[in-house]
Each structure stands twice: as structure tokens, then as C-alpha cells.
Amino acid sequence: MPDEEVIEEGVLNPLKQEVQDPLLKQIMQESTFEPEPQPAEIPLPTDEVDCLVIGTGAGGAPLLARLAMAGLKVVALEAGPWHDPKTDFATDEKAQEFLFWNDERLSAGKDPVAFGKNNSGTGVGGSTLHYTAYTPRAHPDDLHLNRDFGVGVDWPFGYEELESYYEELEHFLGISGPTPYPWGPTRRRGYPLAPLPLNGAAQLMERACQQLGIQTSPAANAALSARYYQEGVGWREACTNRGFCQAGCSTGAKASMDVTFLPLAVAHGAEIRPNCFVTEIERDEQGRVTGVVYEHNGITQRQQCRHLFICAGAVETPRLLLLNELALSSGHVGRNFMAHPGVQVWGTFPEDIRPYKGIPGGLISEDTHRPPDADFAGGYLLQSIGMMPVTFAGQVVRERKLWGAKLREYMRNYNHIAGINILGDCLPHADNFLELAEEKDARGLPKPRLHFTNHENEIRMNRHAEQLMRRIWETAGATDIWAFPRSAHVIGTARMGLSGDDAVVNSDGRAFDVPNLYICDNSVFPSALSVNPALTIMALSLRTADKFLESERRRDN
Amino acid sequence: MFQQEFRVLTSDEQASVLQLVQEGKAPGEAWETVPAERFFEEMLAELTELYYAHPLAQEEIGYVGMADATGWTRLGLNELEPREPEAISSQPGL
């Protein structure tokens, strides 16, 4: 065994790695092999950075740029590699699976959430490398489910705190969308670019909704409908309607973090270190974070920092906190795990649809944001969906249980199949949470286990939505209609609130327990929202950076 | 069930074994410890995704998304680019 790492005085180090595999244990006991002597101490870089950011997705990248632009010395650690989309990304779903966080996550509960694709990402840019780029704003009442329905918790601030950031993001990222936007409060500025063109599924949904009296609109998408000049980045070319957003955009038209905020951050002096997996967060006797220990290509490194920003997503963020016994006093780390109800409805049409073309989420309706006939709290949005064959075939066999000749027969309809789905609010429930499992990963760290069960509110919302979507597809002329129940996104495992009794971070994103620790990603969401989370994560990221900079200025004066 | 190795069975016999595994009704000791329905679903999803990642299987279903290098401009219903092959039959399912 290598020598035990010598721990500096006053630094807490709760991690103990152990060999689990009985065969490996036996081999190690019997072996006379002596490992090379390891340096006892991890080299201590003399430089301390102002701000260290863990994760470069929608939570980490915007604040990294903001802090760098304020003249601070900032470094970001990213677990995954740095890709060049133009040369590394293929139009091949299987080949693109390297964009997903594929370390095993254990899934439990009555409706275990599927991990890997859809819910997680790795690489410089995080999950934005494979997000669909669907970027609706949250509604003001999304932040007040408790006030309006007496369930869940309210956000510690109102919509006015997010509004200016939404506006800034829409213009910085070059979001394509309708002006005026048909739902929600009147906006000071419209979208900078016209909506992207509608594909076959979007046209079918538009046609049927018109007959049923449901208002629709081309959706807001963070992909360019025209060439766009971006501050600190340069010209980005328009979307070519490849339809491959969920497996990586090779043209740079989709506003993932690696073509927007991250180059801006680098232009202002930020340093991004790929392939760096953080294992430990070190503290002094007062409980302030002093730095982190991370693995880089098999070598253990340390980086000291004055402030730490954890932006690792709603699984890895609480996992890091639990592993390091950090910021746990509220008892809410890992709790309040939410996943959006996202039932899909598919149908077969006489028209030639070619579902691989165009932005996948072309059309939206938010008429169901607060349905008058709802028997549940909150609401949902409706969207048309395009789909790629591999992902679709996997869903077909799971739900319809087809194989052999029957599967091939159904899949031959691929070009005639179109879908709609919803994205709806989810409530926090006591039995939906993340914990550390006994089972260890390849690094010797406990794997995360996530429990998820849909409760009455989610079940009723999915039922309401499925009935409505079946009606829309029947009106559009579909036959062989079927529904695929699913949950999307992982949210809420280190929530934000007004008091350290029932929340992990305050309304500025700062941990109640640790004065120089900030958290910013979907784990801080107090409620799940009735819209896709990416734009709101980015808005929170800019806001967290601004709140941090304000507090630093106050201290300087 | 047929007292023979799976691979020497006729394809109809193989299909009935698979059917029983899918339904969780297959006889044999192995299925007393492994949840058959779950096992079948995971295996089927994995194999199906691999199958439809193959160019020949993609050709069979009329997918030509891989030909996207220059992008698509004709996106709407019944709108095809010159390089998109026409459907073999205009009637779905035939």
C-alpha cells in the first residue's frame, strides 16, 4: 500500500479509500510486489487563486466569466475533457456517448431515474454540450408554489431578481425566439433573433392545436437562426438544422458554454483545467475552505483558493458535500431531489416527417402553465419533439416491449412518427433523496444512490398531460398512439432558502455553514419550475457572481 | 425447456424461450435468482440501440440524418432534399 497521505495540521480529511474487491484484496495480500515509494505530500502550489470553480456547465461557466471580467484570478476544474466540436463530434449517437456522465449512479425508488444520457454531462461545457437548447424563462408564479398552492417551498426572491439576467442571457447567447412572447409578463426587450424554422413534428402539433383552440408559438431556443457576433468570442455561424443538438453540436450554432461563456472567461484571464476530478475539499480550523485536492491524469494535485464555487450539478455537488462532511448542518444536503414530469406521446402519420431534421423542440405551448381544470399544483409546458433513431428505438423496446420482426416492422415507420412531450413542475418529497451508497466507484469513493418516486401531484399532472397530448395527436391525424412515461433533469439537492434550518445556501448562493463556499447549479433550486432549467441556472450563475462581487466590495470599503 | 442448447433450437423455439424470459415465466434455476423481466428489458434496450446504430439498420428505416454535413433547408412535412431518398412505400407500416 502507498504511504498514507500526510495531512496538514488543521485540515480535515474524512476520505478513506479502501479496496473492496475480494479477489483484488487476496492478490494484494499474497503479492510480494512493493509499490514505488510515493511522494508523501501532494505538491503545494505556491499560488492561491481568488476563486476556484468546480464544473464548467450552465452553473459554473457564466460566473467564471463574470468573476474573470471583474479582474479576479479564477481557475475552473472540469472532470471531463476539452473537445473541439468541429473535429471531435460525429453524427452518430453511439459515438457521442462520451458526452454523458457515465460513472455509475445507483437508482432506487418506485420510479428510478435513468442516468447517463439526458440527465448529466461531462467535458468542458458540462451538460450544455448535449442540452436541447430549449430556453424558456420561468414564470413569476413558478417561484411561489407555496404561496399559491400551499405545497413545496417558495424561492427566497421574486421574478424581478431574475428578469434582467434572463434579458442579458438572451442577448449574450443569441437566443432565437418569438417577439412578443405570448405568455408571461410583458418584456422590455424581445429575442435578438427570429425563431428557428418549424420541422414536421412542430407543424403537426401547430395544426392540431389550432383546431383545438390551444395557442402555440415557435419556441425560444439557444441556437442561432442567423450569424451572430458575440462579445469576447467573435462570429458564430447560423444553425444548419442538423437536428443533432442532444448528441453534440458540431457547428457552434448551439449556445453551449464551450462556445460562449468559457471563451469569454478565458479572454479575461480565467484558466480552465480539463480532466480534473475533485475528491477533497480542505478546510482550516475555523471551517473556511482553504483549497481542494483533485486527480489529474492519475496524479493527485492541490489547488488553494480564497473562495470556492461548487457547480458540479445536482448529483456530484451534494455527493462532494457529503463525502467531505461539508455544509451539512441543515440536514438538507441530498434531500428534496426533484425530476420534471416529462411524459412523451408518439403517433404514426401519413405525412413524410423525417424526424431527424431541424431543432428538436420547435414548437411550444404554455397554455397549460396553470390549467383551469387541473387536479394538481403547478403546471407544465407542451413541446413538439424530433428524435434520432437509436434513442427512439431504445424507448420503443422499453415501453412497447417489441423485439424481432415486430420491432423491425414498427421501426420501418420511423419517418412517419412524431412526438410531443411535456415538462412540468415536481414537488419535493421526503422519500426522494440522494445518499452515499456502500458500493464504491473506481476511485474508491462511494457511489451516489438516488431515490425517486412520483407522488400524487406528479401522477395527476402526467395523466392530465397524456390525455391532452393524445387528443392533440388524434386531431393531427395520428394512428397507433402510445405514451412513454419519463422524468427529466435532476434538481434540488442543496436548496436555497432564507434560513439555514431548512436550506443549504442563502439567497445569494452562499453556504450557511461556510462563509467562503458558494453553490450554483440546479441543486440550489428550491422548486423545480415548470420550464426547462438551463436558462435559469445561467441566470442564477450571473446573479451569484454579482452578489459575491458586491459582498467583496462591501468588505473592501 | 426444449432440453437442448439455445443455439441449436429452431428460430420459433428460440422465440418462445425469449418470450417466456420477457414475461418472467421461463423455467430453470438461473431465473430464480435473476429478475427475468428486468434482465430482458435491459438486454433488449442495449442490443436494440446497438442494432439501430448500424448503417444497414438505419437504411432499413429510412434514416439519412448522417448526411447532415451541409445542413438541411427543407424541414417541413413532405419536404425532402434531393439527397433524401423517397420512401419505399407511401403507406406507413407496409
Side-chain angles (χ1 to χ4, degrees), chain A residues 90-95 196-204 207 238-244 250-251 253 348-359 362 386 388-398 401-405 407-418 479-480, chain B residues 11-12 14-24 36-38 40-81 83-94:
Chain A
T91 309
D92 181 324
E93 290 172 85
K94 274 283 167 195
L196 288 156
L198 299 182
N199 60 10
Q203 288 182 356
L204 288 167
R207 196 170 76 188
C239 173
T240 62
N241 308 313
R242 291 175 63 233
F244 220 64
S250 59
T251 68
T348 308
F349 294 85
E351 287 88 351
D352 201 337
I353 296 166
R354 307 282 163 157
Y356 48 82
K357 293 193 286 189
I359 191 90
M388 292 297 155
V390 171
T391 306
F392 181 66
Q395 296 185 184
V396 168
V397 300
R398 282 184 190 277
K401 310 199 180 304
L402 301 177
W403 50 274
L407 172 63
R408 287 176 68 190
E409 192 186 321
Y410 181 72
M411 285 300 292
R412 274 195 282 268
N413 296 326
Y414 172 75
N415 280 330
H416 294 272
I417 299 171
T479 53
D480 193 11
Chain B
S11 54
D12 282 352
Q14 287 182 338
S16 44
V17 172
L18 292 174
Q19 182 77 37
L20 287 175
V21 175
Q22 182 175 31
E23 292 166 0
E37 290 151 288
R38 189 68 210 243
F40 189 88
E41 180 182 323
E42 293 303 323
M43 184 68 99
L44 177 61
E46 197 63 41
L47 293 175
T48 302
E49 291 188 8
L50 287 171
Y51 181 80
Y52 281 107
H54 195 285
L56 288 178
Q58 296 189 339
E59 185 186 324
E60 179 176 83
I61 63 172
Y63 170 78
V64 289
M66 74 294 271
D68 65 353
T70 52
W72 305 106
T73 52
R74 294 170 56 80
L75 307 180
L77 292 171
N78 302 314
E79 287 181 5
L80 298 186
E81 308 263 344
R83 68 181 188 284
E84 288 184 282
E86 295 276 345
I88 298 161
S89 160
S90 59
Q91 290 289 306
L94 292 183

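Here is the naming used below: chain letters follow the sequence lines, and residue numbers restart at 1 for every chain. No experiment lies behind these values; they were computed from the predicted model shown.
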Flag the one option from [options] with the top tally of heavy-atom pairs under 4.5 Å to chain A.
{"options": "B:Val64, B:Asp68, B:Leu44", "result": "B:Asp68"}
{"options": "B:Ala53, B:Ala57, B:Gly65", "result": "B:Gly65"}
{"options": "B:Arg74, B:Gln22, B:Glu46, B:Glu42", "result": "B:Gln22"}

Check for a donor-acceptor pair, side chain of [X] on one end and backbone N or O of [Y] on the other, with a separation under 3.5 Å.
{"X": "A:Asn199", "Y": "B:Leu75", "answer": "no"}
{"X": "A:Lys94", "Y": "B:Leu50", "answer": "no"}
{"X": "B:Asn78", "Y": "A:Asp352", "answer": "yes"}
{"X": "A:Glu351", "Y": "B:Leu77", "answer": "no"}

Given the options A:Gly404, A:Gly394, A:Pro389, A:Gly362, which has more heavy-atom pairs under 4.5 Å with chain B than any of the others?
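Looking at each option in turn, the highest pair count goes to A:Pro389.
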With chain B, which of A:Asn415, A:Val396, A:Ile353, A:Asp92 has the greatest number of heavy-atom pairs at distances under 4.5 Å?
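Sorted descending by pairs with chain B, the first entry is A:Asn415.
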Output the distance between atom [atom1] ([X]) and atom [atom2] ([Y]), rounded to the nearest 0.5 Å.
{"X": "A:Lys357", "Y": "B:Leu80", "atom1": "NZ", "atom2": "CG", "result": "5.5 Å"}
{"X": "B:Tyr52", "Y": "A:Glu93", "atom1": "OH", "atom2": "CD", "result": "13.0 Å"}
{"X": "B:Gln19", "Y": "A:Trp403", "atom1": "CD", "atom2": "CH2", "result": "5.5 Å"}

Which atom names give the shortest non-hydrogen contact between B:Ile61 and A:Arg412, and what distance separates them?
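Closest approach of B:Ile61 to A:Arg412, heavy atoms only: CG2-N, 4.0 Å.
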Contacting moiety of [X], where chain B heavy atoms sit under 4.5 Å:
{"X": "A:Leu402", "answer": "backbone"}
{"X": "A:Ile417", "answer": "neither"}
{"X": "A:Phe244", "answer": "side chain"}

Aromatic ring pairing B:Tyr63/A:Tyr356, orientation class (parallel under 30°, perpendicular over 60°, tilted between):
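Judged by the thresholds at 30° and 60°, the geometry between B:Tyr63 and A:Tyr356 is perpendicular.
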Counting only heavy atoms closer than 4.5 Å, note whether [X] contacts chain A via side chain, backbone, both or neither.
{"X": "B:Leu47", "value": "neither"}
{"X": "B:Glu79", "value": "backbone"}
{"X": "B:Ala69", "value": "neither"}
{"X": "B:Gln58", "value": "side chain"}

Has B:Arg38 got more than 12 heavy atoms of other residues, nucleotides or ligands less than 6.0 Å from its CZ?
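At most 12 heavy atoms, drawn from other residues, nucleotides or ligands, come within 6.0 Å of this atom.
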Could you tell me whether the side chain of B:Tyr51 reaches within less than 4.5 Å of the side chain of A:Arg408, counting heavy atoms only?
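They are in side-chain contact.
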